[in-house]
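Working notes, structure below.
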There are 2 protein chains.
Amino acid sequence: MVLKGGDDTAVRLPKKERQKQLQLFLEAEPFLTDEEMARRFGVSIQTIRLDRMELGIPELRGRIKQMAQKNLDRVRSLSLEEVIGQVVELNLDHSGISVLEIREEHVFARNQIARGHHLFAQANSLAVAVVDAELVLTATASIRFVRPVRLGEKCVAKALVTRQTPHRTQVDVQTVVENETVFQGVFDVYRSKEDK
Amino acid sequence: MVLKGGDDTAVRLPKKERQKQLQLFLEAEPFLTDEEMARRFGVSIQTIRLDRMELGIPELRGRIKQMAQKNLDRVRSLSLEEVIGQVVELNLDHSGISVLEIREEHVFARNQIARGHHLFAQANSLAVAVVDAELVLTATASIRFVRPVRLGEKCVAKALVTRQTPHRTQVDVQTVVENETVFQGVFDVYRSKEDK
DNA sequence: CACATTTTAATACCAAGTACTAATTCAGTA
DNA sequence: TACTGAATTAGTACTTGGTATTAAAATGTG
């Protein structure tokens, strides 16, 4: 009989440790087959499968499918996302409200603070949405980030049309988190061919 | 012998037509198996496989793997994408240049014009990037969209630091497409703990 | 030592294919 | 009408990356 310890890199890890590693591995490289994992840990394929069972990790194909599904959902929601954030009220040519929850993808990894352009995007797309015309484009904007917004906070943007001229509409937008103003902006929006 | 036409919905389509449909189907629902497709077209599974061969469409597993991969790439590039657009030049606390090509996801589906907030995002993230400090946040900005930008155009944003005070930096950004200005903005950026 | 835990092994089976060969059906035409 | 070529269907062997189950071996521990 041969000693098992030396065949790969190191002494075989205890079960717990191996399972912890396994999860990390799969997080980094979700496309690993059981076979490959077994090779890396210097352990039999059945052991890996037992581990997966215990940890509730689905098989390769299941994992891939989940990721693909996520991708699909994203693409679909993106094309639907004509307005950044969710519109909860809209009175054309008058006012509108949208809500945006700050998620991982909106913040700086370093400090969990929302990047300014997401707040801007929410406000800008709402400003454009309230204007009732075929072609609507932002011309100028003057904005102010009043205080930083953090991961998890819900931003409520309120837009109000404040002036109308033949080809321009002025929209004021104020964004609040729990009644505290975090952003405000004045958008001067160009429009043409009334009535979309 | 039985007539083949009536078994499903309609008379069997000619090859060309079926293949066209097949592509559309898979675009909408990429998770269909050959078996399911065969059922829908009222045709044998082999026929579907021949079609896939001719059209160069990979098998189900290949398709979902591709999508999953795309998802992975996106997530990874997103975290790398600290700056929107590609930075081609950067002199800390002085100036910087970034390039952004307007793609499908940046434009209004209706008229192929870039949504303002993408131009803003490019400019804003560049303005933040040129400032050399641990914490950098946009405080206020005054911006102007000079002319609409269309699908496929390459936006070159140039940032220039124009003023420095103990906690504020003013950055002017001008974005051009083929020497024509399309966007300009003045960003007032807050910073703290010099030297990141 | 005896017993439990952990690890391997072995076998049957599955989904969704590929690869290949061969038979059948159909459509148009010489 | 018989023949030909394209299109379709059938059938078999083999592949990947598994599940499910049963059982044997190795290892650890009181």
Side-chain angles (χ1 to χ4, degrees), chain A residues 1-23 25-69 71-72, chain B residues 1-23 25-69 71-72:
Chain A
M1 231 270 267
V2 201
L3 275 175
K4 286 278 176 65
D7 52 1
D8 209 43
T9 39
V11 192
R12 221 172 45 204
L13 298 162
K15 190 177 175 181
K16 282 264 170 159
E17 193 51 36
R18 182 182 11 126
Q19 297 194 336
K20 216 180 286 176
Q21 295 262 26
L22 201 147
Q23 283 184 303
F25 268 53
L26 286 181
E27 235 158 272
E29 297 175 75
F31 290 15
L32 292 178
T33 62
D34 290 356
E35 199 178 2
E36 175 61 13
M37 303 289 293
R39 211 187 48 68
R40 295 205 187 179
F41 285 108
V43 84
S44 82
I45 209 171
Q46 283 82 351
T47 301
I48 297 296
R49 286 177 181 163
L50 281 176
D51 286 349
R52 279 211 348 269
M53 303 286 135
E54 287 180 25
L55 297 170
I57 298 173
E59 59 164 318
L60 171 62
R61 285 154 180 166
R63 299 194 301 268
I64 292 182
K65 195 161 185 177
Q66 279 181 15
M67 299 180 56
Q69 189 64 60
N71 197 20
L72 206 63
Chain B
M1 232 269 261
V2 202
L3 275 175
K4 286 279 176 66
D7 52 0
D8 210 44
T9 38
V11 191
R12 223 172 45 205
L13 298 161
K15 191 178 175 180
K16 283 265 169 159
E17 193 51 35
R18 190 194 31 206
Q19 297 194 336
K20 216 181 285 176
Q21 295 263 28
L22 202 148
Q23 284 185 302
F25 268 52
L26 286 181
E27 233 158 272
E29 297 175 74
F31 290 17
L32 292 178
T33 62
D34 289 356
E35 199 178 3
E36 175 61 13
M37 302 289 294
R39 210 186 50 67
R40 296 204 187 181
F41 284 108
V43 84
S44 82
I45 208 170
Q46 282 83 352
T47 301
I48 296 296
R49 285 178 182 162
L50 281 177
D51 286 348
R52 279 209 351 267
M53 303 285 135
E54 288 180 26
L55 297 170
I57 298 173
E59 59 163 319
L60 170 62
R61 285 152 178 167
R63 297 195 303 267
I64 63 182
K65 192 161 186 175
Q66 278 181 17
M67 299 180 56
Q69 188 63 62
N71 196 22
L72 208 63

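None of these values were measured; they are calculated from a predicted model. Each chain gets a letter, A, B and so on, in the order the sequences are listed, and its residues count up from 1.
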- Exactly one of A/Ile45, A/Leu32, A/Leu60 clears side-chain contact (heavy atoms from CB on, under 4.5 Å) with A/Met37, and that residue is A/Leu32
- Heavy-atom side-chain contact between B/Asp51 and B/Val43 under 4.5 Å: no
- Rounded to the nearest Å, what distance is computed from the CZ atom of residue A/Arg63 to the P atom of nucleotide D/dG18? 7 Å
- Note on the structure: Rounded to the nearest 0.5 Å, the CZ atom of A/Phe31 sits from the NZ atom of B/Lys65 at a distance of 6.5 Å
- Query: For the pair made of CD in A/Glu35 and C1' in C/dT8, what is the distance, rounded to whole Å?
  - Reply: 15 Å
- Item | ring pair (Phe, Tyr, Trp, His ring centres under 6.0 Å) partners of A/Phe25, counting only residues at least two apart | A/Phe41
- Task: Could you tell me the separation between the NZ atom of B/Lys16 and the C1' atom of D/dA6, rounded to a whole number of Å?
- Result: 13 Å
- Item | base_contact_polar (D/dG18 base, A/Arg61 side chain, donor-acceptor, <3.5 Å) | no
- Using the side chain to side chain donor-acceptor pair (under 3.5 Å) rule, collect all pairs that involve residues 52-64 of chain B, keeping only residues at least two apart or in two chains. B/Lys15-B/Glu54, B/Gln19-B/Glu54, B/Asp34-B/Arg52
- Task: Measure the distance from NZ on B/Lys15 to C1' on D/dG5 and round it to the nearest whole Å.
- Result: 12 Å
Could you go over nucleotides 22-24 of chain D and give all protein N or O partners under 3.5 Å, atom names and distances?
none

- Item | Whole-Å gap separating C1' (D/dA6) and CD (B/Gln19) | 13 Å
- side-chain hydrogen bond (donor to acceptor under 3.5 Å, both in side chains) involving B/Glu36 - partner list, sequence neighbours excluded: B/Arg39, B/Arg40
- Message: Which is more 5' along DNA chain C, the nucleotide nearest B/Leu60 or the one nearest A/Ser44? Just name the residue.
- Response: A/Ser44
- Between C/dG17 atom P and B/Ile64 atom CD1, what is the distance in whole Å? 9 Å
- May I have the distance from B/Leu22 (atom CG) to D/dT8 (atom C1'), rounded to whole angstrom? 15 Å
- Query: By a strict heavy-atom criterion of less than 4.0 Å, which residues belonging to residues 45-59 of chain A are in contact with DNA chain C?
  - Reply: A/Gln46, A/Thr47, A/Leu50
- Message: Restricting to side-chain hydrogen bond (donor to acceptor under 3.5 Å, both in side chains), what partner residues turn up for A/Ser44, sequence neighbours left out?
- Response: A/Thr47
- Task: State whether the number of non-hydrogen atoms from other residues, nucleotides or ligands found under 6.0 Å of A/Gln23 atom CD is greater than 12.
- Result: yes
- Below 4.5 Å, heavy atoms only, C-beta onward: do A/Lys20 and A/Glu17 meet side chain to side chain? yes
